[in-house]
Each structure stands twice: as structure tokens, then as C-alpha cells.
Amino acid sequence: MKQAGGEEKIKNMSERLYHVPRFRVSGDRALLVEYGEEIDLVVNERVCAMAELLLMHPFPGLENVLPAYRSLCIVYDPLLTGISTLKNHVLKMQQKLSRLSTAPPETIEIPVAYGGELGPDMDFVSDFSGLSVGDVIHLHSCNPYHIHAIGFAPGFCYLGELDPRLRTPRLETPRTLVPAGSVGIAESQTGVYPLASPGGWRLIGRTPLKLFDPARTPPFLYKTGDKIRFTPVSRSEYERILIEGTP
Amino acid sequence: MRPVFRVKTPGAHTTIQDRGRFAYQHMGVPVSGALDPFAFRVANMLVGNPLDAAALEITFAGPQLEVLSQADIGITGADMRAWANGNPIHCWQSVRIQPGSILIFGQAREGCRTYLAVNGGFHVPTIMGSRSTYSAGRLGGLEGRPLKAGDILMMGAGELLRKPRRLPWRPRYPDAITLRAVPGPQDDYFVTDMGIFFSSDYTVSSLANRMGYRLEGPSIQRDPGCPESIVSEPSITGNIQIPPDGKPIILLVEQTIGGYAKIATVITPDLFKIAQAKPGDNIRFWRVSLEEAHHAYRRWSAFVEDIEGAIQDF
């Protein structure tokens, strides 16, 4: 017999997750399929599972499936399929979801050298939060982050959830160049810059890993739905990984 | 593989593009590729290339190129009045060029993007399935950037034509265009202002590039109660997003995901018109249903497939 607390939890979940997805037309060759209203781990897990299932069981006219946060975007060829066929296929696949197992999310360890010249804003984050540098590092690295979406720049992950105690405003003047691998905080978000770019996040460390390498197969180390865990490493360990390429 | 051009001056913005990089949008890598797929396709056909061969996309003002090898080229899209050693080069037909000649492009007179294909295609490394340049990500093409003076462009293996080829007509690129658009994905955010959107004149602003075209014109407001932004979702080329200032932005090939609501989406057969629209041009949107859009898509696909048949030897 279920306890009251458990039922309450299930009820909340069913409200957050649409039983019947909401379809939105995104032009003549794309269909958005929404599984919830807000940013939510349960919703994103459904999105990623459906994306994987659709790619595992392709049908004529399916060109691509793009998962992000609470929705997936199906890109199709209108010469080979129509909107009603597509919707029916999604609903049919959804029924199979409970019976078919999709791959569990992977957890990718990302070594980070925190503070010092590799994390020039660490002192600011420490002062702003009133926490010691050691506590900032601990809070930032103790739990894995869920990848809700990847976009904006190659390999750039939208991660959830940053510990609320680490929330820090962006820089007033963005840096013109943030080195690749920089780990930063902006308001309630945290993430890594896969490529060198301008940016206004508060930088607390840097990873020696190449998160995106177009010459590597595969070019990326993770996908939407995976988990990222930041592992603190020393500066000398950072240098070693930078040279050897592997942790 | 051999050198075909030395870049003397690069033009305003000239990049190597093919059909696009399709498999990585969900990893933050946009599709890229030729912004005007029709002119790009014909350019390759004129010189007998496979349809995924890489060509030059030349924007607004053209380069000066020193010819290093004998080759067949095809120039399509906007007319930039190209010259070779003082002789005008005709567009929409193949032209044989000889080592030592200098190709000079002027400014676009009608439209704004010109495509130059060479037999064998431009040879650069294939990165993640495409040769297209994505400048912001420093990916593909020539070191992930537009051409610059001194670059040497290589051509792949490809035979010279036995007979010159041409398309006996050419598309026009008027400075006032109508774009057919399907409402959505967030048409339910703009119930009140949908009529304004589909009945107003918009002008292409100076902020118009491969990422998107920002338009000037009547501001579109969200219905009361609709949030300023949505949870970020994947973008599709042709999506028309409405940022908080109410000025529409047509999203193009260098987008991955975004968090502004989209009132409507330009249909695929009309995307080339945007590629050829320039700042100051006039745009109106014409509402079509998804069914009408798919009908137009089928007609357009059949038309594009048949272009090969319309190209003649001469």
C-alpha cells in the first residue's frame, strides 16, 4: 500500500507531465511535441526517452529529432509523411515507452581546476555568497547536473540545478574573450564554455577536457538527458590532463 | 585536387557553403549551408557537380579572384556584374575560365547573394558531414571563417563540360516580396495581433545576416497574460520570433534553440526570397494553412527536381 506522501508525489508528477503531448506546428517541415509547461527533470526525461525511441524506430520521412527542455522537435519530409501520420506515430511510440527500455542516462565526469587564474571570479562568488572558497567548490561539485538542452553554441549545455546559495549576478561588462573550458555561474545557471567566446558569466574554474572537438568521433562527450559531474582537480592534475588529453 | 583561385580581395562576406550540416543541431551546431538553396543548386548543376558540392556564397559585394587553373564555373543568384579580364561574365550559365585571368565582382544589383560553383566543387575538409562555414562557431569551410585576401581555394576532381550549359531564364529578386507563412508554433500567444502581422508592411533592417533578419514595422504584442519568453525550444529556418520589443525576427540557418515565442513560420519554397532580400526591402506575410503549405512544398519540390531538365546545352 502506498503512503500518502507517495501518492501526493505521483499526483504532482502527473500534473507536471502531459499525458497527451501538446503538438505545435513549426512550419511546413517540423512539428514540436511538448511534454510539460515548465523546466522539469521528469518532463525532460520523457522528452529524451521519446527522442531516443523515435530515432530507434524511424519511419519514412523522419529526418531528425531534436530534444530540448520540455519539448522535442521532429523534422520531417512532407513528401514522405503528413502531420496526422506523424502525430499517430508519436502517440503509438509513447504507448510502447513503458515496455521498452531506453538507455539510462550517462554521468560524465568533468575535471575542473577551481579558483586561481583559471577561475578569476571565485573570490567574488565566495564574497557574494558569504561562503568559503572550499564551500563554493564543494557545493558546485557535490551533485551531478542534468543536461536539459544543448544549444546556442556547439556543445553548450543548459544544466539544472545550481545550488541556490551559489546564485551570482553576471559581470556588468562581459569579457571579450572567455577561454574554452571555463566553468561559470550566471544567476541560477551554471555551465562550461565549450569554445572560446565573449561572455559575461562569473568564472570559477576551468576544465582541461576538450568538450567539443569536431575532428573527434564523436565530437561531443555528452548528449541531452545525460548528467555532468564536476570533479575538483589540482592545478598540476589540470596540466597533466591538458597534455595527455584524458583524466 | 588543385588550386583554382587566389583571393585578391574577399568581398563583403564570402564563405564556402554546401547544402548544410544536418545531424548536430541538437548539439548546438546549426544547420548552416547555402541560404538560397535554389541558386546554389543551379550553380552546381551548371558545372555538372553533385548537388552536395561546395560553392562560394558571396554577399552584397563580390571578391576579386585570380584564376590559377582552367575550370568551368557557374554564377547564379544576385547579379554582381562579374567580369573576367574586362569581359562581362554571364550569369546562370557555365563559363570556362583560364589561368592568369582575374575575375572581378561588383555590387549586387538585384538580390544580395551570389553563388559561384566550380567543376569538382571547392575542396575543404568535411567537418561533421559538411563543408559549410559556420563563422560564429569557427567551423567548416576555410578554417571556419569568411575568405580573406591571400587565400588559395582548391577545387576537387571533376571533369570539364563537353558543352557549355545554361538555364534559359532566371528568377527575379524584387525589392518587395510576399512570404507565405504558417501560423505557429506559438500562434496562441498572438491571437489579438495576428491580423496586424498578416496585413502590415515590414522593412528589412540593417541587422540581417545568416542568423536571422530583424524587421522594422508595426510592433506585435503578446496577448495579455502570455509570458515574455518561453522555455527554449529548437528553432527551424523560417520561424518568425517576436522579442519583447515586438519587432519580428525571421530566424535563418545559423540558429539552434531560442526562447522567444514564434508567431508564424515562412514556408520552405519562399525561404530563398529572404536570402535575396536586403536591408530596406519590403516584406509582407501571407497566411497559409499547413495543408496549403504542404501543397506548395510538393509543387516546389517537383519544380526544383525538374530544373535539371530545364538546363540546356548551347
Side-chain angles (χ1 to χ4, degrees), chain A residues 22-34 36-40 43-44 47-48 51 55 63-75 77-79 81-83 148-158 194-197 211-212 214-220 222-224, chain B residues 21-31 125 127-128 134 136-140 144 180-188 230-240 255-259 262 264-271 288-298 300-302 305:
Chain A
R22 180 159 188 190
F23 294 103
R24 289 180 179 272
V25 169
S26 190
D28 55 8
R29 40 185 294 277
L31 179 70
L32 281 161
V33 187
E34 283 178 3
E37 176 120 25
E38 300 294 332
I39 297 173
D40 187 300
V43 171
N44 191 254
V47 165
C48 294
L55 289 170
E63 291 192 339
N64 212 346
V65 181
L66 314 170
Y69 281 115
R70 57 161 180 162
S71 60
L72 53 92
C73 181
I74 300 177
V75 184
D77 180 351
L79 298 181
T81 189
I83 199 85
H148 281 277
I150 302 173
F152 164 69
F156 184 85
C157 297
Y158 293 91
L195 296 171
S197 65
L211 300 185
F212 168 51
R216 185 176 61 202
T217 310
F220 299 95
Y222 40 70
K223 61 182 186 304
T224 303
Chain B
R21 184 174 285 113
F22 294 102
Y24 297 95
Q25 187 181 339
H26 59 298
M27 301 305 289
V29 181
V31 170
I127 305 290
M128 299 163 74
Y134 167 41
R138 274 161 279 168
L139 203 70
R180 289 168 288 178
V182 184
Q186 280 84 33
D187 42 326
D188 52 337
I230 56 171
V231 175
S232 288
E233 65 186 22
S235 304
I236 293 295
T237 303
N239 278 158
I240 304 156
Q255 291 281 339
T256 52
I257 70 176
K262 295 134 195 158
T265 306
V266 179
I267 67 171
T268 304
D270 286 356
L271 292 175
V288 292
S289 67
L290 184 59
E291 200 181 4
E292 289 168 320
H294 282 164
H295 181 68
Y297 188 98
R298 285 190 290 272
W300 171 253
S301 297
E305 284 296 314

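Hydrogens, waters and symmetry mates play no part in the numbers below; they use all other heavy atoms, side chains included. Numbered from 1 within each chain, the chains take letters A, B, ... in sequence-line order.
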Sort out for me which of A:Ile39, A:Leu32, A:Thr217, A:Leu195 touches chain B most, counting heavy-atom pairs under 4.5 Å. A:Leu32
So for B:Glu291, is it side chain, backbone, both, or neither that comes closer than 4.5 Å to the heavy atoms of chain A? neither
Please classify the contact of B:Ser301 with chain A as side chain, backbone, both or neither, using a heavy-atom distance under 4.5 Å. side chain
Pick one of side chain, backbone, both or neither for B:Ala23, based on which atoms fall under 4.5 Å of a heavy atom in chain A. backbone
Mutual orientation of the aromatic rings belonging to A:Tyr69 and A:Tyr158 [parallel < 30°, tilted 30-60°, perpendicular > 60°]: tilted
Tell me if the CZ atom of B:Phe22 is crowded by more than 12 foreign heavy atoms within 6.0 Å. yes
Heavy-atom cut-off 4.5 Å, strictly under: side chain, backbone, both or neither for A:Phe23 against chain B? neither
How long is the gap from CD on A:Glu38 to CG on A:Asn44, to the nearest 0.5 Å? 13.5 Å
So A:Phe212 and A:Phe220, would you call those rings parallel, tilted or perpendicular, with 30° and 60° as cut-offs? parallel
With chain A, which of B:Gln255, B:His26, B:Glu233 has the greatest number of heavy-atom pairs at distances under 4.5 Å? B:His26
What part of A:Arg22 is in contact with chain B, defined as an atom under 4.5 angstrom from a non-hydrogen atom: side chain, backbone, both or neither? side chain
Please flag which part of A:Ser26 lies under 4.5 Å from any non-hydrogen atom of chain B: side chain, backbone, both or neither. both
Would you give the length of the straight line joining atom CG of B:Asn239 to atom SG of A:Cys73, rounded to the nearest 0.5 angstrom? 8.0 Å
Spacing of CD belonging to B:Glu292 relative to CG belonging to A:Asp28, to within rounding of 0.5 Å: 12.5 Å
Does any backbone or side-chain atom of B:Pro183 lie under 4.5 Å from a heavy atom of chain A? Answer side chain, backbone, both or neither. backbone
Examine whether an atom of A:Asp77 lies under 4.5 Å from a heavy atom of chain B, and if so say whether it belongs to the side chain, the backbone or both; otherwise answer neither. side chain
Does any backbone or side-chain atom of A:Pro214 lie under 4.5 Å from a heavy atom of chain B? Answer side chain, backbone, both or neither. both
In terms of heavy-atom pairs under 4.5 Å with chain A, which of B:Gly137, B:Ala293, B:Gly184, B:Pro234 leads? B:Pro234
Look up atom CZ in A:Arg29 and atom CD1 in B:Ile267, then write down how far apart they are to the nearest 0.5 Å. 12.5 Å
Distance in Å, B:Leu271 CG paired with B:Thr237 OG1, rounded so as to fall on 0.5 Å steps: 6.5 Å
For A:Glu37, which atoms come within 4.5 Å of any heavy atom of chain B: side chain, backbone, both, or neither? backbone
Against chain A, work out which of B:Asp187, B:Asp188, B:Ile230, B:Val182 has the most heavy-atom pairs shorter than 4.5 Å and name it. B:Asp188
Look at A:Ala30, A:Ala153, A:Ala68 and state which one has the largest set of heavy-atom pairs under 4.5 Å with chain B. A:Ala153
